[in-house]
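Working notes for the structure below.
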Amino acid sequence: MKNWVLKKFDDLDARELYAILQLRHEVFVVEQNCVFQDADDKDFSCLHLMAWQDGKLVAYSRIAPPGKIYAEASIGRVVTSPALRKKGLGKELMELSLKEIEKRYGPVPVKLGAQLYLKKFYTDLGFLQAGPPYLEDGIEHIEMFARKNPK
């Protein structure tokens, strides 16, 4: 059973922050073999959506209000534990992230920078590609916008 938690940065405790950084590094740095500056000073103004299961962080996203990372609201650092992939957790994470944006900011546009190999995942959630692929930290990405937020 998953326990979903949403917190502002200043409300995270040390163990939660450690678990977030640990999961982000496990996937984005180690698994994807990508050296990049994960601690980018953007976490402070974002909301942090976490899924906990059996005391372990299993999914996470960073939700930014409009004007903080992009002009639009955005979802980033979307990550699920490698041990729990292909079970619908990523879809649930994104749907909850989109719902939280609509709840807090209204029916605003949502933008994300997606790794190109995840295009179908985001397209299935209602996102549309908005430009050509580009390299970020050595990985092909595309900008995508949500058609609509789920109700």
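All figures in this text were calculated on a predicted structure; none of them were measured in a lab.
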Pairs under 3.5 angstrom only: tabulate donor-acceptor contacts from the side chains of residues 54-61 to other protein residues two or more places apart or in another chain.
| unit_1 | atom_1 | unit_2 | atom_2 | d |
| --- | --- | --- | --- | --- |
| Tyr60 | OH | Arg24 | NH1 | 3.1 |
| Tyr60 | OH | His48 | ND1 | 2.6 |
| Ser61 | OG | Ser97 | OG | 2.7 |

Side chain to side chain contact (heavy atoms under 4.5 Å, CB included) partner of Lys68, chosen from Ser74, Cys46, Ser45: Ser45
Nearest-0.5 Å distance, CD1 of residue Ile20 to NE2 of residue His25: 12.0 Å
Is any side-chain heavy atom of Glu72 closer than 4.5 Å to one of Val110? no
Any Leu128 side-chain heavy atom under 4.5 Å of Thr123 side chain: no
Is there a side-chain contact between Met94 and Phe121 (heavy atoms, below 4.5 Å)? yes
Would Leu125 and Lys91 count as a side-chain contact (heavy atoms from CB on, under 4.5 Å) if you check the C-alpha gap in whole Å, the side-chain angles of each, and the deciding distance to 0.1 Å? CA-CA 8 Å; Leu125 288 163; Lys91 180 181 178 191; 3.8 Å; yes
Would you indicate whether the side-chain heavy atoms of Lys7 and Leu47 approach each other to under 4.5 Å? no
For Glu95, is there an ion pair with Lys99 - N to carboxylate O distance below 4.0 angstrom? no
Working to the nearest 0.5 angstrom, can you tell me the gap between Gln22 CD and Leu17 CG? 11.5 Å
Would you check if Gln53 and Asn3 make a side-chain contact, meaning some heavy-atom pair closer than 4.5 Å? no
For residues Gly113 and His141, report the shortest heavy-atom separation together with the two atoms involved. O-CD2, 3.8 Å
Taking ILVMFWY side chains as joined if any heavy atoms are under 4.5 angstrom apart, and letting links pass through other members, which residues group with Ile69? Tyr70
For Phe127 and Ile142, run side-chain contact (heavy atoms from CB on, under 4.5 Å): C-alpha distance rounded to whole Å, both residues' side-chain angles, the deciding distance at 0.1 Å, then the answer. CA-CA 11 Å; Phe127 283 83; Ile142 51 174; over 6 Å; no
Taking atom OH of Tyr134 as the centre, report whether more than 12 heavy atoms of other residues, nucleotides or ligands fall under 6.0 Å from it. yes
Once you round to the nearest 0.5 Å, how far does CG of Leu112 lie from CZ of Arg62? 12.5 Å
To the nearest 0.5 Å, what is the distance between OG1 on Thr80 and CG on Leu93? 8.0 Å
Under 3.5 Å donor-acceptor, Gln129 side chain and Gly131 backbone: yes
With a 4.5 Å cut-off on side-chain heavy-atom distances among I, L, V, M, F, W and Y, is there a chain of contacts connecting Leu21 to Tyr18? no
Side-chain heavy atoms of Lys120 within contact of Asp124, under 4.5 Å: yes
Just to verify, which of Asp40, Ile63, Leu23 counts as forming a side chain to side chain contact (heavy atoms under 4.5 Å, CB included) with Arg77? Asp40
Is it true that Trp52 and Glu16 share a donor-acceptor pair across their side chains at a distance under 3.5 Å? no
Note, Val78 side chain near Tyr122 side chain (heavy atom, < 4.5 Å): yes
ILVMFWY network linking Tyr117 to Leu89, side-chain heavy atoms under 4.5 angstrom: yes
Measure across Met144 and Ala114 and return the closest heavy-atom pair with its distance rounded to 0.1 Å. SD-CB, 3.9 Å
CZ/Phe9 to NZ/Lys42 distance, rounded to the nearest 0.5 angstrom? 15.0 Å
Report the distance from atom NZ of Lys103 to atom CG of Leu96, rounding to the nearest 0.5 Å. 10.5 Å
Quick check: do Glu92 and Trp4 have side-chain heavy atoms less than 4.5 Å from each other? yes
Check the pair Leu6 / Met50 against side-chain contact (heavy atoms from CB on, under 4.5 Å), numbers first and verdict last. CA-CA 6 Å; Leu6 180 75; Met50 303 166 277; over 6 Å; no
Which residue pairs pass the salt bridge (charged side-chain N to carboxylate O under 4.0 Å, His left out) test with at least one member in residues 108-119, sequence neighbours excluded? Lys111-Glu143
